[in-house]
Asker: 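Mind having a look at this structure? Questions to follow.
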Amino acid sequence: MFAADGCPNSADEISTDRPDVTNSSVVVPYGSLQVENGVDETRRQGSNVVSGTETRLRLGVAQCTEVLADVPTYFYSLNGRASSGFSDLVVSVKRELPVPLGFHLSVTGGLGFPTGASKISSHGYDPYIQVPWSRRITDDWSLHGMFTVTWFTSQHIINPTFEPTLSLERALGPAGDLFVEYVGEYPNHARPSQILDAGGSWRVTRVQQLDFHVGFGLNSSSPNHFFGIGYSFRLDGLLGG
C-alpha cells in the first residue's frame, strides 16, 4: 500500500507493517494512533506454539515521523520443548525520507528491553537499525524490501545479525493486496534462518484492515510452518493532526 508522494495524512488509507515481515516504507499520519494486532500458530522442531496479540502501537508525533512500540507478545507452547511466556518490549522511532527515483524510503532505529520471560528474553538491551523501502512497478504490482541490523548485547558471538527481506505485492481492486516474500536472518557465526511466506490484506474501511499470512522454512534452523491472522485500525486527530 502506497501513500501519495510526500508523507501521509489522515485522508490516506491505512498502511500497516503486517502481515508480511517487511515493514511499510511510509509512516502513520501526524496525530494518528495505529494499532496492529495478530495471532500466529508456528511449528518448529517438534513444538507447536500459539502467539498473540503481536500488538504494535504506532503514533505519528510529527510530520513524516512516528514513534512505535512492540508490546510484549505471549507465546504459549502447546506441546514439545518450546517455552511459554512473554517476549521483550521494543521501542523505536521511524522517519520517512524524500522519495528518490520513485522509491519510498524510511529509516527506523530502536531498542529492545529485556522484559520477557527468562527462556524467551534476549536478556540484553538490543539496538537495531532498519531501512524499509518500496517501489511501484505498475499500477497493480509493487516491490518491497527491508534491511535490518541488530546487535544482541548479551550474545556477542552472533553480532551483528542481518535480516534482509524482499516482497512482491499485487493489488486486488481498491481494497485488497496479495504478497509473496522471502525473509532471511543471518547471525554472525551461526546458521541462518530462511523462510518463504505469502498472504494478503483487505481494508474493511479506510482505517481498518484484516489480514492473513502462511509460510514455511527453507532450512532446518527455520520454522517448519506457520499461519496467522490479524486486525489493525487507526484513530486520527489525536494530536490535532
Side-chain angles (χ1 to χ4, degrees), residues 1-38 53-73 88-113 126-136 139 142-150 165 167 169 171 173-177 179 200-211 230-241:
M1 176 63 193
F2 284 88
D5 287 348
C7 297
N9 57 56
S10 58
D12 291 316
E13 292 183 320
I14 188 171
S15 178
T16 68
D17 287 342
R18 52 171 306 119
D20 48 352
V21 175
T22 304
N23 291 335
S24 172
S25 58
V26 300
V27 299
V28 299
Y30 167 61
S32 297
L33 173 65
Q34 192 159 295
V35 183
E36 306 177 7
N37 311 280
T53 58
E54 301 177 354
T55 298
R56 170 168 288 186
L57 304 176
R58 303 172 61 190
L59 178 65
V61 296
Q63 189 70 9
C64 304
T65 304
E66 69 177 56
V67 172
L68 57 147
D70 292 314
V71 178
T73 287
D88 291 340
L89 169 70
V90 182
V91 178
S92 313
V93 177
K94 182 175 181 178
R95 174 74 176 179
E96 188 174 340
L97 304 177
V99 183
L101 303 175
F103 283 86
H104 285 263
L105 187 68
S106 62
V107 175
T108 306
L111 184 67
F113 296 83
D126 305 326
Y128 78 94
I129 297 175
Q130 186 178 83
V131 181
W133 59 269
S134 57
R135 195 182 198 288
R136 191 182 299 280
D139 288 343
S142 57
L143 197 61
H144 304 250
M146 186 173 72
F147 188 77
T148 306
V149 183
T150 305
T165 74
S167 176
E169 188 173 296
D177 299 286
F179 74 90
S201 61
W202 176 49
R203 289 174 291 283
V204 185
T205 68
R206 181 177 56 83
V207 294
Q208 296 182 79
Q209 175 184 288
L210 297 173
D211 64 64
Y231 169 69
S232 305
F233 63 92
R234 194 182 76 208
L235 303 174
D236 293 326
L238 300 183
L239 302 179

Asker: Do Glu169 and Ser134 come close enough that some side-chain heavy atom pair is under 4.5 Å?
Answerer: no
Asker: Is there side-chain contact between Arg56 and Asn23, with heavy atoms separated by less than 4.5 Å?
Answerer: yes
Asker: With side-chain hydrogen bond (donor to acceptor under 3.5 Å, both in side chains) as the test, would you mind laying out the steps for Glu36 and Ser232 before giving the verdict?
Answerer: CA-CA 4 Å; Glu36 306 177 7; Ser232 305; 4.9 Å; no
Asker: With sequence neighbours excluded, what pairs up with Asp88 under the side chain to side chain donor-acceptor pair (under 3.5 Å) test?
Answerer: Ser121, Ser122
Asker: Given Glu96 and His104, is the side chain to side chain contact (heavy atoms under 4.5 Å, CB included) satisfied, shown in steps?
Answerer: CA-CA 8 Å; Glu96 188 174 340; His104 285 263; 4.2 Å; yes
Asker: Does a side-chain heavy-atom distance below 4.5 Å link Phe179 with Pro19?
Answerer: yes
Asker: Do Ser92 and Tyr128 make a side-chain contact, defined as non-hydrogen atoms from C-beta onward lying under 4.5 Å apart?
Answerer: yes
Asker: Indicate the atoms forming the closest heavy-atom contact of Trp133 with Met146, along with that distance.
Answerer: NE1-N, 3.8 Å
Asker: Can you list the residues that meet the side chain to side chain donor-acceptor pair (under 3.5 Å) rule with Arg206, with sequence neighbours excluded?
Answerer: none
Asker: Who passes side chain to side chain contact (heavy atoms under 4.5 Å, CB included) against Val35, sequence neighbours left out?
Answerer: Leu33, Asn37, Thr55, Leu57, Phe233
Asker: Evaluate Thr16 against Gln209 for side-chain hydrogen bond (donor to acceptor under 3.5 Å, both in side chains), listing each step before the verdict.
Answerer: CA-CA 8 Å; Thr16 68; Gln209 175 184 288; 2.9 Å; yes
Asker: In Å, rounded to the nearest 0.5 Å, how long is the span from OG1 of Thr108 to CG of Asp17?
Answerer: 8.0 Å
Asker: Please check this pair: side chain of Gln208 against backbone of Tyr231, looking for a donor-acceptor N/O pair closer than 3.5 Å.
Answerer: no
Asker: Just wondering, do Val27 and Pro8 contact through their side chains at under 4.5 Å, heavy atoms?
Answerer: yes
Asker: Mind listing the closest non-hydrogen atom pair of Pro29 and Asn9 along with its distance?
Answerer: CG-O, 3.4 Å
Asker: Under a 3.5 Å cutoff, is there a donor and acceptor pairing between the side chains of Arg95 and Thr65?
Answerer: yes
Asker: Between atom CD of Gln34 and atom CG of Leu59, what is the distance when rounded to the nearest 0.5 Å?
Answerer: 11.0 Å
Asker: Compare every heavy atom of Gly112 with every heavy atom of Val90, then report the nearest pair and how far apart it is.
Answerer: CG2-CA, 4.0 Å
Asker: Does a side chain donor of either Asp236 or Ser32 reach within less than 3.5 Å of an acceptor in the other side chain?
Answerer: yes
Asker: Let me confirm one number: the CD-OG1 distance from Gln130 to Thr150, rounded to the nearest 0.5 Å.
Answerer: 8.0 Å
Asker: Let me confirm one number: the OG1-CD1 distance from Thr205 to Ile14, rounded to the nearest 0.5 Å.
Answerer: 7.5 Å
Asker: Donor-acceptor check, side chain of Glu66 to backbone of Arg58, threshold 3.5 angstrom: yes or no?
Answerer: no
Asker: Can you tell me if Thr73 uses its side chain to pair, donor with acceptor, with the backbone of Glu54 under 3.5 Å?
Answerer: yes
Asker: What is the minimum heavy-atom distance between Ser10 and Arg234, and which atoms define it?
Answerer: O-NH2, 3.1 Å
Asker: How long is the span from the OG1 atom in Thr148 to the CD1 atom in Ile129, to the nearest 0.5 Å?
Answerer: 10.0 Å
